[in-house]
Amino acid sequence: MESNVIPDSIRPQRLQPGIGFGSGPTGTLRSSLRPGVTVPIAPLLPSPASLAASSGPPPPPPPLQLHSLYGGVGAGLGSGAAGHCNPGNPAVLKEAVEAVVRSFAKHTQGYGRVNVVEALQEFWQMKLTRGADLRNGALVVYEMVPSNSPPYVCYVSLPGGSCFGSFQFCPTKAEARRSAAKIALMNSVFNEHPSRRITDEFIEKSVSEALASFNGNREEADNPNTGIGAFRFMLESNKGKSMLEFQELMTVFQLLHWNGSLKAMRERQCSRQEVLAHYSHRALDDDMRTQMAADWVNREQSVASTIAQEVALTERELEDARLAGRELRFYKEKKDILMLAVGQLSAANTATLPSH
């Protein structure tokens, strides 16, 4: 029997996941809530019109548009929900980032050149001192993409899990680190603005826009078993949180969708509200990543080159999002899970080799 071999071209040094949350509560909802299942990929929390899974894998939801997490429901969140600045022109992005950094320096350190790496760490340390709920402390974590020549790429993970990356051509590793810190600082600062909080007014506006987009009625919004009702449930469960905090939670559901786990849960008669309530309180941890990686190993064993194709797609998505200054955790976690699957598959193939 021919073994499945992953091409060397997709064996880069694995970047570690953003910030490990440790073992979060797994809950005892039911065994079908485990994400490690081998099923075709299905839409994430389908639109109010249907609970049936569509055929074939849909395109991945764009990271800045949280309405895509509900098959289109929730358009009221807008494109700024998970990353404040996403202009198409790189020069505009650079100018916006520099303006925020200068303003932050003026109000916190006086005039003069700001050390943006130190400023970002001090910002989150200040939040922790003022009572922010940072379960894993205020440490900001940087990671360089292994490379012996420019351009260098750096990712930075914030204490809550949000991830940003260097968005410019960086001739040195130090410049890549500064570039990542700049975009992360800009989003951190804007995330503190009152308009970035989920309030009753925000929820009503978002739900109304979702109803208008899908020609829905008010009864749907009050029924948690509909797409719009699930959307309202998620917003109300996170009232008072910021957009970045909400995006950190949504990343879990994006990954469950990408992995095909949500479809499996529906097939096992888990209600939409039940799934939402369970995973709203579970952090993305190594156990969840390992289960999802095992799923991709099973897919690779059924259809050769599945992982290689998915890695290539994910790397393009990650690159495009990074250069646009977007929040990156969804794409970065996807790549980490796929690299974990490559490792699992290699270990399995090695274990089956005949001994001499």
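Note that these values count all heavy atoms, side chains included, but never hydrogens, waters or copies made by symmetry.
- Considering Asn136, Leu139, Val141, Leu134 as possible partners of Pro159, the one that fulfils the side chain to side chain contact (heavy atoms under 4.5 Å, CB included) test is Leu134.
- Minimum heavy-atom separation, Ala180 to Cys154: CB-O, 3.6 Å.
- The pair Arg232-Glu204 meets the salt-bridge criterion, with a side-chain N (NZ, NE, NH1 or NH2) lying under 4.0 Å from an Asp/Glu carboxylate O.
- For the pair Phe202/Leu235, a side-chain contact is recorded, criterion being any heavy-atom separation below 4.5 Å from C-beta on.
- Counting only heavy atoms from C-beta outward, the side chains of Leu323 and Phe167 never approach each other to under 4.5 Å.
- Of the possible donor and acceptor atoms, none in the side chain of Asn238 sits under 3.5 Å from a partner among the backbone N and O of Phe246.
- Looking at Asp200 and Lys239, a side-chain N of the basic residue comes within less than 4.0 Å of a carboxylate O on the acidic one, giving a salt bridge.
- In terms of modelled atom types and a separation under 3.5 Å, the side chain of Glu175 and the main chain of Cys170 share no donor-acceptor contact.
- Residues meeting the salt bridge (Lys or Arg N to Asp or Glu O under 4.0 Å) test with Arg197, sequence neighbours left out: Glu245.
- In this structure, Glu236 and Ile203 have side chains that are in contact, with non-hydrogen atoms separated by less than 4.5 Å.
- Of all heavy-atom pairs between Ser166 and Val153, the closest is OG-CA, 3.5 Å.
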Original post:
Can you check salt bridge (Lys or Arg N to Asp or Glu O under 4.0 Å) on Arg282 and Asp287, steps first, answer last?
Top reply: CA-CA 11 Å; Arg282 180 174 180 183; Asp287 179 57; 3.2 Å; yes

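- Checked by atom type and distance alone, the side chain of Glu333 never pairs as donor or acceptor with a backbone atom of Val252 at under 3.5 Å.
- Summarising the geometry of Leu185 relative to Ala119, their closest heavy-atom pair is CD2-CB, 4.2 Å, with the distance given to 0.1 Å.
- Interatomic distance, CD of Glu219 versus CD1 of Ile228, reported as 11.5 Å (0.5 Å rounding).
- How far OG1 of Thr314 is from CZ of Phe330: 8.0 Å, rounded to the nearest 0.5 Å.
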Subject >> Intermediate values then yes/no, salt bridge (Lys or Arg N to Asp or Glu O under 4.0 Å), Glu143 and Lys332 >> reply: CA-CA 12 Å; Glu143 27 180 308; Lys332 192 164 175 300; 3.2 Å; yes

Original post:
Is there a side-chain contact (heavy atoms from CB on, under 4.5 Å) between Phe253 and Ser280 once you walk through the steps?
Top reply: CA-CA 9 Å; Phe253 290 99; Ser280 294; 4.2 Å; yes

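- The side-chain hydrogen bond (donor to acceptor under 3.5 Å, both in side chains) search around Gln344 returns none, not counting sequence neighbours.
- Within the 4.5 Å cutoff, the side chain of Ile337 has no heavy atoms near those of the Met288 side chain.
- By the side-chain hydrogen bond (donor to acceptor under 3.5 Å, both in side chains) test, Gln125 pairs with no residue at all, sequence neighbours left out.
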Original post:
Where do Glu192 and Ser242 land on the side-chain contact (heavy atoms from CB on, under 4.5 Å) test, with the steps shown first?
Top reply: CA-CA 7 Å; Glu192 296 301 302; Ser242 68; over 6 Å; no

**OP:** Dump the intermediate steps for salt bridge (Lys or Arg N to Asp or Glu O under 4.0 Å) on Arg299 and Glu310, then the final yes or no.
**Re:** CA-CA 11 Å; Arg299 292 188 180 102; Glu310 192 68 21; over 6 Å; no

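- Taking hydrophobic clusters as Ile, Leu, Val, Met, Phe, Trp and Tyr residues chained together by side-chain heavy-atom distances below 4.5 Å, Val140 shares a cluster with Met126.
- Applying the side chain to side chain contact (heavy atoms under 4.5 Å, CB included) test to Ala212 and every residue at least two apart in sequence or in another chain returns nothing.
- Atom OG1 in Thr129 sits 11.0 Å away from atom NZ in Lys127 (nearest 0.5 Å).
- Looking at heavy atoms from C-beta onward, Val311 lies out of side-chain contact with Lys335 at the 4.5 angstrom threshold.
- Residues Gly165 and Leu328 approach most closely at N-CD1, 3.4 Å, considering heavy atoms.
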**OP:** Please lay out, stage by stage, how Lys263 and Glu267 fare under the test salt bridge (Lys or Arg N to Asp or Glu O under 4.0 Å).
**Re:** CA-CA 6 Å; Lys263 178 177 181 289; Glu267 291 176 345; 2.3 Å; yes

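- Panel note: side chain Asn187, backbone Ile183; a donor-acceptor pair is recorded below 3.5 Å.
- In this structure, Ser147 contributes its side chain and Ser149 its backbone to a donor-acceptor pair below 3.5 Å.
- Of the possible donor and acceptor atoms, one in the side chain of Glu300 sits under 3.5 Å from a partner among the backbone N and O of Thr306.
- When all heavy atoms of Phe169 and Pro150 are compared, the closest pair comes out as CZ-CB, 4.5 Å.
- Contact of the Met250 side chain with the Gln247 side chain is registered, since non-hydrogen atoms from C-beta on lie closer than 4.5 Å.
- The side-chain hydrogen bond (donor to acceptor under 3.5 Å, both in side chains) test applied to Ser162 returns Glu248, not counting sequence neighbours.
- Contact check for Val145 versus Tyr152: no side-chain heavy atoms found under the 4.5 Å cut-off.
- Judged as a side-chain hydrogen bond (donor to acceptor under 3.5 Å, both in side chains), and not counting sequence neighbours, the contacts of Arg322 are Glu319.
- A continuous path of hydrophobic side-chain contacts links Leu128 to Val117 [ILVMFWY only; heavy atoms under 4.5 Å].
- What you find for Ser188 and Phe123 is that their closest heavy atoms are O-CZ, 3.3 Å.
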Original post:
What do the steps show when you test His193 against Arg196 for side-chain contact (heavy atoms from CB on, under 4.5 Å), and what is the final call?
Top reply: CA-CA 6 Å; His193 194 275; Arg196 307 272 291 168; 4.1 Å; yes

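- Between Leu340 and Trp296 the shortest side-chain heavy-atom distance does not fall below 4.5 Å.
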**OP:** Go through the steps to decide whether Arg135 and Asp133 satisfy the test side-chain contact (heavy atoms from CB on, under 4.5 Å), and finish with yes or no.
**Re:** CA-CA 6 Å; Arg135 289 174 293 176; Asp133 183 18; 4.0 Å; yes

